[in-house]
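Everything below concerns the one structure shown next.
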Amino acid sequence: MDPLDVDVIVLSTATPDHLLPSTACETQARIGAHRAAAFDISAACAGWLYGLTIANGLIRSGSHRHALVVGSEKMSAIIDYSDRATCVLFGDGAGAVAVGPEGHGLLASHIQTDGRFAQLLWRPAGGAAMPSTPETQAQRLEFVKQEGREVFKRAVLAMEESSHAVLARAGIGIDEVDLVIPHQANIRIIEALAKRLAVPMDRLYVNIDRYGNTSSASIPIALDEVVRQGRVTRGDTILMTAFGGGLAWGSVLLRI
């Protein structure tokens with residue numbers, strides 16, 4: 001596909017290069033997709049699935065034909081390296097998928113948010129509500145803060161429920177899914193999800209041991225790897241599910 005064939009760029013990031021303009025605008029300029037609309041979304045680790053859902057809606061509406069959906073994160077820029085319970089979990093990465101009306105594509109999606117629990121995983125300072133000052137910097141309030149145990153419990157339950165919701169919308173059972181690609185938050189969450197979905201671990205893709213938690217980049221990186229490795233072939237069904245700050249979560253069922 002020529003960059004000029006891209007009609008819209010949807011970029012998910014919690015670590016934009018600048019607060020203004022969007023990172024999608026800068027991406028558009030660098031790849032030469034000068035005819036495309038471009039915008040960022042912020043849904044933390046679930047952001048790429050949100051972006052894929054948005055792009056699919058734009059294509060199905062007929063307003064756009066080809067979309068580029070990007071997840072890009074530089075988590076090392078917002079991690080407190082004195083917080084050893086959190087900093088060791090994260091990594092930097094990026095992934096992208098071109099989406100069009102051809103082929104099988106997205107079968108069903110489910111996205112959901114509960115902002116009442118936003119402070120379980122957030123950055124208190126650095127935005128308009130609490131601008132950066134010497135005081136906020138001294139208190140290290142511009143780095144990610146996480147209540148790990150609470151996030152763990154809510155992540156497993158939310159991804160399980162979202163997975164069942166998207167399967168129900170598509171009218172297929174979990175046994176018909178060829179591969180599950182969960183957000184790579186940590187291996188305990190992935191193992192707990194596999195148990196609750198009654199799916200053996202060899203049907204879930206795991207790469208967290210190599211990259212850590214790359215937030216919204218984790219699923220597109222994994223998707224690229226399974227295609228390159230031949231783990232999936234044309235016609236296979238993939239279940240992708242993620243959970244992150246917001247709290248925001250979602251699932252997408254994809255037939256490649």
Review point. side-chain hydrogen bond (donor to acceptor under 3.5 Å, both in side chains) between T15 and E73: does it pass, once the steps are laid out?
Key: CA-CA 6 Å; T15 57; E73 305 286 9; 3.2 Å; yes
Review point. How many angstroms lie between CG in L254 and CD1 in I181, if you round to the nearest 0.5 Å?
Key: 8.5 Å
Exercise for review: Consider only side-chain heavy atoms of I, L, V, M, F, W and Y, link residues closer than 4.5 Å, and tell whether V226 and L106 are in one cluster.
Suggested key: yes
Check your understanding: Around R210, counting heavy atoms of other residues, nucleotides and ligands shown, do more than 12 lie under 6.0 Å from its CZ?
Key -> yes
Check your understanding: Are V166 and V177 linked, directly or through other ILVMFWY residues, by side chains that come within less than 4.5 angstrom of each other?
Key -> yes
Point to revise | Side-chain heavy-atom pair L11, I41 within 4.5 angstrom cut-off | key: no
Review point. Looking at CD of Q112 and CG of L247, how far apart are the two atoms once the value is rounded to the nearest 0.5 Å?
Key: 11.0 Å
Study note, to complete from the structure: Between the CG atom in L167 and the CD1 atom in I172, the distance rounded to the nearest 0.5 Å is 5.5 Å
Review point. Once you round to the nearest 0.5 Å, how far does CD1 of I78 lie from CD of E142?
Key: 11.5 Å
Review point. Are R154 and F117 close enough that some pair of their side-chain heavy atoms sits under 4.5 Å apart?
Key: yes
Review point. Side-chain contact, heavy-atom cut-off 4.5 Å: V8 with V10?
Key: yes
Review point. Quick one: is the NZ or CZ of R123 closer than 6.0 Å to the six-membered ring centre of F143, and within 45° of its axis?
Key: no
Check your understanding: If we ignore angles and hydrogens, is there a donor and acceptor under 3.5 Å between the side chains of H110 and E161?
Key -> no
Exercise for review: Using side-chain hydrogen bond (donor to acceptor under 3.5 Å, both in side chains) as the criterion, point out the one residue from S215, S218, S216 that pairs with H183.
Suggested key: S218
Exercise for review: May I ask you to check whether over 12 heavy atoms, not counting those of E147, lie within 6.0 Å of atom CD?
Suggested key: no
Check your understanding: Does some side-chain heavy atom of I54 sit less than 4.5 Å from a side-chain heavy atom of F39?
Key -> yes
Review point. Mind checking whether Y50 and T113 have side chains closer than 4.5 Å, heavy atoms only?
Key: yes
Review point. According to a 4.5 Å side-chain heavy-atom criterion applied to Ile, Leu, Val, Met, Phe, Trp and Tyr, with indirect links allowed, do V97 and L179 form part of one hydrophobic cluster?
Key: yes
Review point. Looking at Y205, is R231 sitting on its ring face, NZ or CZ under 6.0 Å from the six-membered ring centre and within 45 degrees of the normal?
Key: no
Check your understanding: Any donor-acceptor pair under 3.5 Å linking the side chain of R169 with the backbone of S109?
Key -> yes
Point to revise | Same apolar cluster: I189 and W249, side chain cutoff 4.5 Å | key: yes
**Study point:** Heavy-atom donor-acceptor pair, D7 side chain to H66 backbone, under 3.5 Å
**Key:** yes
Point to revise | T27 side chain reached by T23 side chain, heavy atoms, under 4.5 Å | key: yes
**Study point:** S163 vs L239, side-chain contact (heavy atoms from CB on, under 4.5 Å): CA-CA, chis, key distance, verdict
**Key:** CA-CA 8 Å; S163 296; L239 171 63; 3.8 Å; yes
Review point. Got a salt bridge between D92 and K74, using NZ or NE/NH1/NH2 to carboxylate O under 4.0 Å?
Key: no
Check your understanding: Ignoring hydrogens and geometry, is there a side-chain-to-backbone donor-acceptor pair from Q184 to I208 under 3.5 Å?
Key -> yes
Check your understanding: Is R35 atom CZ crowded by more than 12 heavy atoms from other residues, nucleotides or ligands, each under 6.0 Å away?
Key -> no
**Study point:** Taking every non-hydrogen atom, the tightest pair across G244 and C45
**Key:** CA-CB, 3.8 Å
Review point. Linking I/L/V/M/F/W/Y whenever their side-chain heavy atoms sit closer than 4.5 Å, directly or via other members, would I59 and L223 fall into one cluster?
Key: yes
Exercise for review: Could you please spell out the steps behind the side-chain contact (heavy atoms from CB on, under 4.5 Å) verdict for M201 and I190?
Suggested key: CA-CA 9 Å; M201 280 297 294; I190 294 171; 4.0 Å; yes
Check your understanding: Is any side-chain N of the basic residue among K195 and E191 closer than 4.0 Å to the acidic one's carboxylate O?
Key -> no
Point to revise | Trace of the side-chain contact (heavy atoms from CB on, under 4.5 Å) decision for V252 with L107 | key: CA-CA 8 Å; V252 167; L107 300 180; over 6 Å; no
Review point. Any idea which heavy atoms bring L141 and P124 closest together, and the distance?
Key: O-CD, 3.1 Å
Review point. K145 and Q119: side-chain contact (heavy atoms from CB on, under 4.5 Å), yes or no, with the steps?
Key: CA-CA 8 Å; K145 308 295 181 184; Q119 294 184 14; over 6 Å; no
Check your understanding: For the residue pair G93 and T214, what are the closest heavy atoms and their distance?
Key -> N-CG2, 4.1 Å
Review point. Can you tell if the side chain of V199 reaches within under 4.5 Å of the side chain of L193, non-hydrogen atoms only?
Key: no
**Study point:** Side chain proximity check, D80 to T86, heavy atoms < 4.5 angstrom
**Key:** no
Exercise for review: Taking all heavy atoms of S72 and all of A94, pick out the closest pair and write down the distance.
Suggested key: OG-CB, 3.8 Å
Exercise for review: Hey, could you give me the CG/CG distance between D224 and N207, rounded to the nearest 0.5 Å?
Suggested key: 10.5 Å
Check your understanding: When rounded to the nearest 0.5 angstrom, what distance separates CG in L58 from CG in N56?
Key -> 9.0 Å
Review point. Which heavy-atom pair separates G250 from A46 by the least distance, and what is that distance?
Key: N-CB, 4.4 Å
Practice item. Please confirm whether the backbone N or O of S22 pairs with a side-chain atom of D40, one donor and one acceptor, at under 3.5 Å? Key: no
**Study point:** Minimum heavy-atom distance between P131 and A128, given as atom pair plus value
**Key:** CD-O, 3.6 Å
